[in-house]
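All of these numbers come straight from a predicted model, not from anything done at the bench. Residues take their numbers from the sequence shown, with the count starting at 1.
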Amino acid sequence: MKSIVSCILLLYSLHVFGQDKKTIINLNFDPGFVTGDVLGNIYIVKGSEVLKYNESGTFCCSFSDRTYGEITSIDVRDPLRILIFYKPFATIRMLDNNLAEQSLINLRKLDLADPLLVCTSEIQGTWVYDNATSRLYRFDSSWRPVSLSNDLRQDITRTINPLHMAESDYWLILLDNNSLLVFDKMGSYFKPIIIEPGTNGLLSHDEWISISGSMIVRLNIRNGKMSESALPFINNAGIVYVLPRKIVRITDKKLEIYSN
């Protein structure tokens, strides 16, 4: 009886998770990293190339240029204004929704000595974290400076080495090893939040959404409350990404897309 019940539960689990599973994209390469926009599009970065797939997993378009080497980061918060960053050259490329180049910006010409991280800001703006000055710079759509933070070494009282930067409707965050450094939309330091070391995640509205083991963890930045839910698959092997409206897993050169 016990084995029969176990089989029934297993079949039920496969049925439920099978409903959540949307599609599989077969790849002949190992992606550098994956991201997604609010429209459900998925972007796969492979060296100096970006591949875009729509919500159904159908290939849409691509961008490739080896002039500046491998892509360091990509920000698709605004699907009509995609930001690509090449850190060794302190250069940003702006692409449209078809991944056609719209502009090219050399950040050193804006008096930034060592730009380490960049991300999209609202109203077609851009945030830049400069490692040489430990400051956050915000530029408008014409690349005029509109906001400048304090020296973060004074506010945070320690040396930081941030790995990721993102903006939401409410916050700007720097991911620094085992903490989220939280700032308001003007770049003023708000507070740190301790997280698991090496955790990647998604900043969405008022939440930091990440993966811990087999669970999706939602952390409310404002009040610190946390909630958990199970991943939409049984085995969490491979690399798992949290995207807007989706959970993506890469394993055996396959990209599995699940609704979130």
Side-chain angles (χ1 to χ4, degrees), residues 6 9-10 12-25 27 30-38 40-45 72-77 117 119 129 156 158 160-183 189-260:
S6 298
L9 289 174
L10 176 60
Y12 175 76
S13 298
L14 291 173
H15 173 69
V16 171
F17 289 127
Q19 287 181 326
D20 288 338
K21 189 171 179 179
K22 297 190 71 173
T23 190
I24 293 178
I25 300 174
L27 307 172
D30 292 316
F33 48 94
V34 176
T35 190
D37 64 32
V38 294
N41 298 308
I42 294 173
Y43 304 79
I44 301 174
V45 177
T72 303
S73 65
I74 180 172
D75 191 316
V76 298
R77 182 186 175 199
L117 300 170
C119 75
Y129 171 72
I156 301 170
R158 65 176 174 84
I160 65 172
N161 184 31
L163 305 173
H164 175 68
M165 178 167 64
E167 186 192 80
S168 72
D169 310 24
Y170 305 105
W171 309 106
L172 175 73
I173 62 99
L174 288 175
L175 176 60
D176 180 45
N177 192 22
N178 68 335
S179 63
L180 287 179
L181 305 177
V182 183
F183 303 82
Y189 185 54
F190 179 52
K191 66 178 180 179
I193 299 176
I194 302 302
I195 59 174
E196 291 185 18
T199 299
N200 292 316
L202 171 71
L203 179 65
S204 178
H205 304 297
D206 226 10
E207 292 183 322
W208 174 252
I209 309 170
S210 61
I211 303 296
S212 178
S214 60
M215 305 300 291
I216 303 170
V217 180
R218 296 177 176 270
L219 171 66
N220 187 293
I221 291 174
R222 195 178 303 274
N223 59 31
K225 292 183 178 180
M226 188 179 296
S227 62
E228 294 183 344
S229 58
L231 282 169
F233 40 79
I234 296 173
N235 189 339
N236 64 340
I239 302 173
V240 182
Y241 293 90
V242 183
L243 308 182
R245 301 165 48 189
K246 288 178 170 51
I247 297 292
V248 168
R249 177 172 65 167
I250 298 175
T251 178
D252 298 327
K253 295 186 178 179
K254 292 182 180 180
L255 189 145
E256 303 173 351
I257 306 168
Y258 299 82
S259 60
N260 181 16

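The minimum heavy-atom distance linking G36 with L243 is given by the pair N-CD2, 3.6 Å. Between S204 and I209, the shortest heavy-atom contact is CB-CD1, 4.1 Å. Across all their heavy atoms, G238 and T251 have their closest contact at CA-CB, 4.3 Å. Residues E167 and L203 approach most closely at C-CD2, 3.7 Å, considering heavy atoms. Between A230 and M215, the shortest heavy-atom contact is N-CE, 3.8 Å. Between L219 and G224, the shortest heavy-atom contact is CD1-O, 3.6 Å.
Other residues, nucleotides and ligands contribute only 12 or fewer heavy atoms inside 6.0 Å of the NZ atom of K254.
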### Task
Start with the C-alpha gap between S259 and R245, add the side-chain angles, then the distance that decides, and say whether side chain to side chain contact (heavy atoms under 4.5 Å, CB included) holds.
CA-CA 6 Å; S259 60; R245 301 165 48 189; over 6 Å; no

### Query
Going through the distances and angles, do N200 and V242 end up as a side chain to side chain contact (heavy atoms under 4.5 Å, CB included)?
CA-CA 8 Å; N200 292 316; V242 183; over 6 Å; no

### Task
Could you go through the side chain to side chain contact (heavy atoms under 4.5 Å, CB included) check for L180 and L174 one step at a time?
CA-CA 6 Å; L180 287 179; L174 288 175; over 6 Å; no

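Residues that satisfy the side-chain contact (heavy atoms from CB on, under 4.5 Å) test with Y170, not counting sequence neighbours, are S168, H205, D206, R222. Evaluation of the side-chain contact (heavy atoms from CB on, under 4.5 Å) rule for S227 yields R218 as partners, not counting sequence neighbours. When the side-chain contact (heavy atoms from CB on, under 4.5 Å) test is applied to K253, the partners found at least two apart in sequence or on another chain are D30. With sequence neighbours excluded, the residues that form a side chain to side chain donor-acceptor pair (under 3.5 Å) with D37 are N41, Y43. Under the rule for a side-chain contact (heavy atoms from CB on, under 4.5 Å), the partners of L27 that lie at least two apart in sequence or sit in another chain are I25, F29, P31, I44, Y53, L255.
Annotation: cation-pi geometry satisfied between R249 and F233 (NZ/CZ under 6.0 angstrom from ring centroid, within 45° of ring axis).
Within the structure, salt bridge (charged side-chain N to carboxylate O under 4.0 Å, His left out) pairs that include any residue of residues 168-182 comprise R158-D176 (at least two apart or interchain).
Using a 4.5 Å heavy-atom threshold, the side chains of I257 and I24 count as separate.
For F183 and Y189, the distance between ring centers is under 6.0 angstrom.
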